[in-house]
Amino acid sequence: MKGLYSIGIYLANFVITIASLFNSKLKKGVIGRKNTFLKLKKTITPEDKTFWFHCASLGEYEQGLPVFEALKAKHPDHKVVLSFFSPSGYDVRKNAKIADVVVYLPLDSKANAKRFLDLVNPDYTLFVKYEIWPNFLHEIKKRDLKAILISAVFRKDHIFFKWYGSYAKSALFAFNHIFTQDENSKTLLHRIGYNAVSVSGDTRFDRVSNQLKVDNTVSFIEEFKNDKLCVVFGSSWPDDDKLYMDFINSNTNADVKFVIAPHNIKSSYVASLKSQLNVKTICYSELTEHQNLAHYKVFVLDTIGYLSKAYSYADMAYVGGGAGTTGLHNILEPAVFGIPILIGKNYDKFPEAKELINLGGVTSLASSSAFNASLSALITDAILRKKQGDITKSFIDSNTGAVLKIMAYLESKLIFYSSKR
């Protein structure tokens, strides 16, 4: 299996390189990986003490950030190497304040793993959720370096629990400790003989809770809302647009406003979205000093960086991704503000969505007619809004604390030996 995996990596590299000629996202990754070692050489010296934080993409970064920040605050003398596999994560966080250098993770070959670790030589490595790269992890174990996996989720259909997954399974044992989100993941690890595992919960709860500690004021949204009821559609895709478009266009209630934050903010998509709206609409990209935003019915947030704050103005929210097959976006971001949440029909791989649906704080909708009925009920019934909002807020409050558990472990184990440097 070991040999097959290595062959597979080289074949994947070849395929990605060829495909990158026709795909801009893949091209970014190919070019970015070529610059990784040069960036590390320029930033990290053999004398530096370092932490290595690795995330697949943006979602995992947001998940790991509370731990990254807590660890960096405790050890400010350490340089941080932050790596991503996906261009979508790298592009958004290439200037992340938490890191001294942000790079693409090289493809998981033995040579790349050795070269990367020669340059970084981390005192501690933190991987987030699903990131299991066998050659990197085997090299970490070979060098007796310390590593943990946080917010991990395992399912029985993962390769680690298959008869043919021995090489991937052995890589798990490079982690000194694995913190899982749930008991099921812990049970699966125990079945393969991995026992250095704790259920800490999901660090995303701590991450979104921190949103309450910052100033969420956004002047243009405040002016737009104008003390009216506000529905925020977060990270919506075309399939999501189909669910809610009729409702917006047919809604004549002057006391209801809509904020749409599309996942795709390319001008062509935003123009198409706006063309489907027959009510007074303005985009962030169209803002000038002289508009009276209170006169508009819909605000299209065609920019990044404001969605978490926008949810603070919402009286209810629709979170996109679940109407199609792209994957449900983060429902915890609006939940922290204690508001009812609507989603599409596809949420099976999102345990927080399942639990909040069972509790009654989230409603899953399969058709525009069902959407219209549910949102209409929330708009007209303040008691229902408060009841569902209390459920989502309580759910967040009862699931925080993962960062404290992880940091307690790290602080008990984080002993650095000067002989390493």
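Heavy-atom basis, side chains included; hydrogens, waters and symmetry copies ignored.
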Validation row, ring centre Phe337 to ring centre Tyr311 under 6.0 Å | no
**Item:** Donor + acceptor pair across side chains of Thr50, Asp48 (<3.5 Å)
**Value:** no
Looking only at heavy atoms, the pair that brings Val232 and Ala314 closest together is CG2-CB, 3.5 Å
Closest non-hydrogen atoms of Arg93 and Glu62, given as atom of the first, atom of the second and distance, are NH2-OE2, 2.9 Å
- Is the distance between the ring centroids of His138 and Phe136 under 6.0 Å? no
query: For Ser219 and Glu222, does a side-chain donor sit closer than 3.5 Å to a side-chain acceptor?
result: no
Is it true that Ser209 and Asp206 share a donor-acceptor pair across their side chains at a distance under 3.5 Å? no
Are more than 12 heavy atoms, taken from residues, nucleotides or ligands other than Lys228, located less than 6.0 Å from that residue's NZ atom? yes
Exercise. Could you tell me how the ring of Phe247 sits relative to the ring of Phe371: parallel (under 30°), tilted (30 to 60°) or perpendicular (over 60°)?
Key: perpendicular
Note to self: Can you tell me how the ring of His263 sits relative to the ring of Trp237, calling it parallel under 30°, perpendicular over 60° and tilted otherwise?
What the structure shows: parallel
Smallest heavy-atom separation, Leu119 atom then Ile44 atom, equals O-CG2, 3.4 Å
Sorted by chain and number, sequence neighbours left out, salt bridge (charged side-chain N to carboxylate O under 4.0 Å, His left out) with Asp302 holds for none
I want to check a possible cation-pi pair here: Arg115 against Phe37, using under 6.0 Å from ring centre and within 45° of the ring axis as the test.
yes
Closest non-hydrogen atoms of Ile98 and Phe68, given as atom of the first, atom of the second and distance, are CD1-O, 3.7 Å
Checking side-chain polar atoms at under 3.5 Å, does Ser88 have a donor or acceptor matched by the opposite partner on Ser86? yes
Exercise. Parallel, tilted or perpendicular: which describes the rings of His78 and Phe51, with under 30° parallel and over 60° perpendicular?
Worked result: parallel
Salt bridge check, Lys393 against Asp397: does any charged N sit closer than 4.0 Å to a carboxylate O? yes
*Show the numbers, then the answer: is there a ring pair (Phe, Tyr, Trp, His ring centres under 6.0 Å) between Phe179 and Tyr409?*
CA-CA 10 Å; Phe179 291 91; Tyr409 169 85; 5.5 Å; yes
Any donor-acceptor N or O pair under 3.5 Å, side chains Ser83, His54:
yes
Closest non-hydrogen contact found for Asn195 with His190 is OD1-CD2, 3.2 Å
- Message: Heavy-atom count check: over 12 atoms from other residues, nucleotides or ligands less than 6.0 Å from Lys345 NZ?
- Response: no
Would you give me the side-chain donor-acceptor pairs under 3.5 Å for residues 141-155, sequence neighbours excluded?
from   : atom 1 : to     : atom 2 : distance (Å)
Arg143 : NE     : Glu139 : OE2    : 2.8
Arg143 : NH1    : Asp118 : OD1    : 2.7
Arg143 : NH2    : Lys114 : O      : 3.1
Arg143 : NH2    : Asp118 : OD1    : 2.9
Arg143 : NH2    : Glu139 : OE2    : 3.2
Ser151 : OG     : Thr203 : N      : 3.2
Ser151 : OG     : Thr203 : OG1    : 2.8

Extract all donor-acceptor atom pairs below 3.5 Å that involve side chains of residues 351-366 and protein atoms in other chains or at least two apart in sequence.
from   : atom 1 : to     : atom 2 : distance (Å)
Glu352 : OE1    : Arg204 : NH2    : 3.2
Glu352 : OE2    : Arg204 : NH1    : 3.4
Glu352 : OE2    : Arg204 : NH2    : 3.0
Lys354 : NZ     : Asp348 : O      : 3.0
Asn358 : ND2    : Lys354 : O      : 3.3
Ser364 : OG     : Gly344 : O      : 2.9

*Is it true that Arg385 and Asp315 make a salt bridge, defined as a side-chain N closer than 4.0 Å to a carboxylate O?*
no
Closest non-hydrogen atoms of Tyr104 and Gly32, given as atom of the first, atom of the second and distance, are CD1-CA, 3.3 Å
Exam field: side chain Lys257 to backbone Leu229, donor-acceptor pair closer than 3.5 Å
no
Have Tyr296 and Asn226 got a donor and an acceptor in their side chains that come within less than 3.5 Å?
no
>> I want to know whether Trp133 and Phe85 have ring centres closer than 6.0 Å.
In response: yes
Checklist entry - Aromatic rings Phe84 and Tyr61: how do their planes relate, parallel, tilted or perpendicular, breaks at 30° and 60°? => result tilted
Can you tell me if Lys309 has over 12 outside heavy atoms packed within less than 6.0 Å of its NZ?
yes
Take Tyr306 and Tyr284, measure what ring pair (Phe, Tyr, Trp, His ring centres under 6.0 Å) needs, and give me the verdict at the end. CA-CA 11 Å; Tyr306 285 108; Tyr284 175 86; 5.7 Å; yes
- Using a strict cut-off of less than 4.0 Å between a Lys/Arg side-chain nitrogen and an Asp/Glu carboxylate oxygen, indicate whether Asp239 and Lys242 qualify as a salt bridge. yes
Quiz item: Any luck finding a side-chain donor-acceptor pair between Asn135 and Tyr167 under 3.5 Å?
Solution: yes
Do side-chain atoms of Asn399 reach the backbone of Phe395 as a donor and acceptor pair under 3.5 angstrom? yes
- prompt: Would a line drawn from the ring center of Phe299 to the ring center of Phe258 be shorter than 6.0 Å?
  reply: no
